[in-house]
Amino acid sequence: MSATTSGLLLMTFGMMFVGGAYSFYKQKITWVAQLILLLVGLAISGYGLYVMLNYS
């Protein structure tokens, strides 16, 4: 698998977590759970961007 494909898949997976955080916000679920999902999603997406920019 190429680095571009891998990076895009990681960013997509990370954005699913960010979407989950937004969904938790809309459902008024505790802010700790929202923050955890948001940070995990941004970390995975950031790593995907790192992979795409540095290994392509």
Side-chain angles (χ1 to χ4, degrees):
M1 180 182 307
S2 72
T4 302
T5 304
S6 179
L8 286 173
L9 285 173
L10 279 167
M11 287 192 290
T12 302
F13 184 64
M15 285 297 114
M16 288 171 42
F17 278 93
V18 173
Y22 180 70
S23 174
F24 277 18
Y25 171 74
K26 291 300 243 182
Q27 295 176 39
K28 307 249 188 286
I29 295 177
T30 179
W31 66 270
V32 174
Q34 296 173 32
L35 185 64
I36 290 171
L37 275 180
L38 183 64
L39 291 177
V40 167
L42 290 177
I44 293 171
S45 295
Y47 182 65
L49 183 63
Y50 171 79
V51 166
M52 219 171 83
L53 293 177
N54 290 313
Y55 296 104
S56 301

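Index from 1, following the sequence.
Taking CZ of F24 as the start and CH2 of W31 as the end, the distance is 15.0 Å to the nearest 0.5 Å. Interatomic distance, CD1 of I44 versus CG of L49, reported as 14.0 Å (0.5 Å rounding). Atom CG in L37 sits 10.5 Å away from atom CG in L42 (nearest 0.5 Å). Remark: K26 NZ to Q34 CD distance equals 11.5 Å, nearest 0.5 Å.
Cluster membership check: M52 does not share its hydrophobic cluster with M16, using side-chain heavy-atom separations under 4.5 Å among Ile, Leu, Val, Met, Phe, Trp and Tyr. Linking Ile, Leu, Val, Met, Phe, Trp and Tyr whenever their side-chain heavy atoms come within less than 4.5 Å leaves F13 and Y22 in two separate clusters. I29 and I36 fall within the same hydrophobic cluster, defined by Ile, Leu, Val, Met, Phe, Trp and Tyr side-chain heavy atoms under 4.5 Å apart, directly or through other members. Each of Y25 and V32 belongs to its own hydrophobic cluster when Ile, Leu, Val, Met, Phe, Trp and Tyr are linked at side-chain heavy-atom distances under 4.5 angstrom.
Minimum heavy-atom separation, L38 to A21: N-CB, 3.8 Å. A pairwise comparison of heavy atoms in L9 and M1 identifies CD1-SD, 3.9 Å as the closest pair. The shortest heavy-atom contact between L10 and V51 is CD1-CG2, 4.4 Å. Residues S45 and M15 come closest through the heavy atom pair OG-CE, 3.1 Å.
Listed for the T30 side chain is no donor-acceptor partner under 3.5 Å among the backbone atoms of A33. In this structure, the side chain of T12 engages the main chain of L8 through a donor-acceptor pair within 3.5 Å.
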